[in-house]
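Comments concern the structure below.
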Number of protein chains: 2
Amino acid sequence: MKQTDSASVSRNYHHGDLYQSLLFTATEMIAEGGTESLSMRKLADRVGVSRTAPYHHFKDKNALLCAIAEQGFERVEKLLHEVRIKEESESLAMIFTQYVHTYIELAYKHREQYDLMFGREIWRNGTPTESLHNRSRQHFKSWLKWIEHLCDEKVLHVGDSTLRTAQVCWATLHGLCRLFNDGIYTEQSHLDEMVDTAVNMMLKNT
Amino acid sequence: MKQTDSASVSRNYHHGDLYQSLLFTATEMIAEGGTESLSMRKLADRVGVSRTAPYHHFKDKNALLCAIAEQGFERVEKLLHEVRIKEESESLAMIFTQYVHTYIELAYKHREQYDLMFGREIWRNGTPTESLHNRSRQHFKSWLKWIEHLCDEKVLHVGDSTLRTAQVCWATLHGLCRLFNDGIYTEQSHLDEMVDTAVNMMLKNT
DNA sequence: CAATCAATCTTGACAGTGTCAAAATATCGT
DNA sequence: ACGATATTTTGACACTGTCAAGATTGATTG
């Protein structure tokens, strides 16, 4: 409710809720023009504050990006929980298929945030926040648990181990996401067919 | 043979083979410290030339990156051709498995170049060179042809269409590559098992 | 050989970036 | 009212990509 839309807030010396405001606006900017278009200075400008003010709330540009990524994890974690709740109503294979569809749609809708969650920018440089590290680990655990369940119920084709299955299945999802997110596959109209093909590859063919 | 190792070459005003030299050194620098660590100025410095000299051989930093990416495509194209030649000696499934292993190994060995080939930096901004565009398209055609062959021979599980199969299979490879390249999966020792699991998912279970 | 021309490289400049140190300002507890 | 603390600002530095104008060279003519 107090979501600081940089006009209505009184321009005090003390902003009041700069942390949230920065996070919100930064996410906005990234969604608009990509991760590269976000500069600390432009962000500060847009929030109506001086260049270095953000540094008192985020140690780094990196810390800011990690915080944004973390919110992304919260989103997918929520999605996963929602799906696991309605497990009684439909067949498990159906639910899995649907999850994959929405996962990839969501990843595309928030492309830039997704890139932050799993991109080299944060992970390859070895700079993920403790907090981000934990949240991502925790999310993979949730995913693993679901896949184990699907393997037990003979829905998924299980190979060497359910862990490997979970890793590879997710790699497939991730690969599809990246190809679309990064603009390598551009025909959005083919996406549904591709997802179905992928899911068929994963499901135990009966 | 004339591969300019920035010491032995006489420091003339005219470098002699600056284009090649830039390409070579830039690739080197990227392999060392990642795409982000390559700056035009440092590159020029290392080659022993002034800041803006590279701009007479590459329109942009982007153009330079595209050229490097292109060399990466040449490499994988070569790999694919080598594999398709020895098709008689072993079972097709075996050859496919082996290809996937070497593909992913190669991608990891040249992580940064791989990132250039398929990363957002070039593709998402819509800035691939004509030349790069063609070469990548051509490579996917080669891949598609092989997959079609493997589908015909009942080696691969064919879904809606061989095109979709080719796309999804490659997405799976790509997903695995990225997870390791970007430092999300770090246990290198699990890679072989994961690749096997992935291949099993793609092969027609007999 | 000398003179012109095109190819190649350099210097200077500008706007933009992340971030540190020191100074300024506001808020709060006493 | 005052001093402590939290918050923000100004100034500065080194770095980035790239443009415009000038300097230097090698090749091509007469």
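Nothing here was measured: the structure is a model prediction, and the numbers come from that model.
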task: Could you tell me if the ring centre of B:Tyr114 sits under 6.0 Å from that of B:Tyr108?
output: no
message: Can you build the contact string for nucleotides 11-19 of chain D? Use B for base contact, S for sugar-phosphate-only contact, and - for no protein heavy atom under 4.0 Å.
response: BB---BBBB
- prompt: Taking CZ from B:Phe58 and C1' from C:dC9, how many angstroms apart are they, rounded to a whole number?
  reply: 16 Å
message: Rounded to whole Å, please give me the gap between CG in A:Leu43 and P in C:dG16.
response: 17 Å
Under 3.5 Å, which donor-acceptor pairs do the side chains of residues 193-201 of chain B form with other protein atoms, sequence neighbours left out?
from     : atom 1 : to       : atom 2 : distance (Å)
B:Glu193 : OE1    : A:Arg164 : NE     : 2.9
B:Thr197 : OG1    : B:Glu193 : O      : 2.9

- prompt: In whole Å, what is the span from the CG atom of A:Leu18 to the P atom of C:dT25?
  reply: 19 Å
query: Does B:His57 have a side-chain nitrogen or oxygen under 4.0 Å from the phosphate oxygens OP1 or OP2 of C:dC9?
result: yes
message: Can you give me the closest heavy-atom contact between B:Asn181 and A:Arg124, atom names plus distance?
response: O-CD, 3.3 Å
message: Determine whether a donor-acceptor pair (N or O, by modelled atom type, separation under 3.5 Å) exists between the side chain of B:Ser37 and the backbone of B:Gly34.
response: yes
Could you give the side-chain donor-acceptor pairs of residues 143-153 of chain A under 3.5 Å, partners two or more places apart or in another chain?
from     : atom 1 : to       : atom 2 : distance (Å)
A:Trp143 : NE1    : A:Ala166 : O      : 3.1
A:Trp146 : NE1    : A:Glu87  : OE2    : 2.8

D:dT9 OP1/OP2 closer than 4.0 Å to side-chain N/O of A:His56: no
- prompt: Pick from A:Phe140, A:Trp123, A:Trp170: which one makes a ring-ring contact (aromatic ring centres under 6.0 Å, His included) with A:Phe118?
  reply: A:Trp170
field: Nearest-Å distance for atom pair CG/C1', residues A:Leu65 and C:dG18
entry: 12 Å
- line: Taken to the nearest whole Å, CG/B:Asp17 to P/C:dA7 is 17 Å
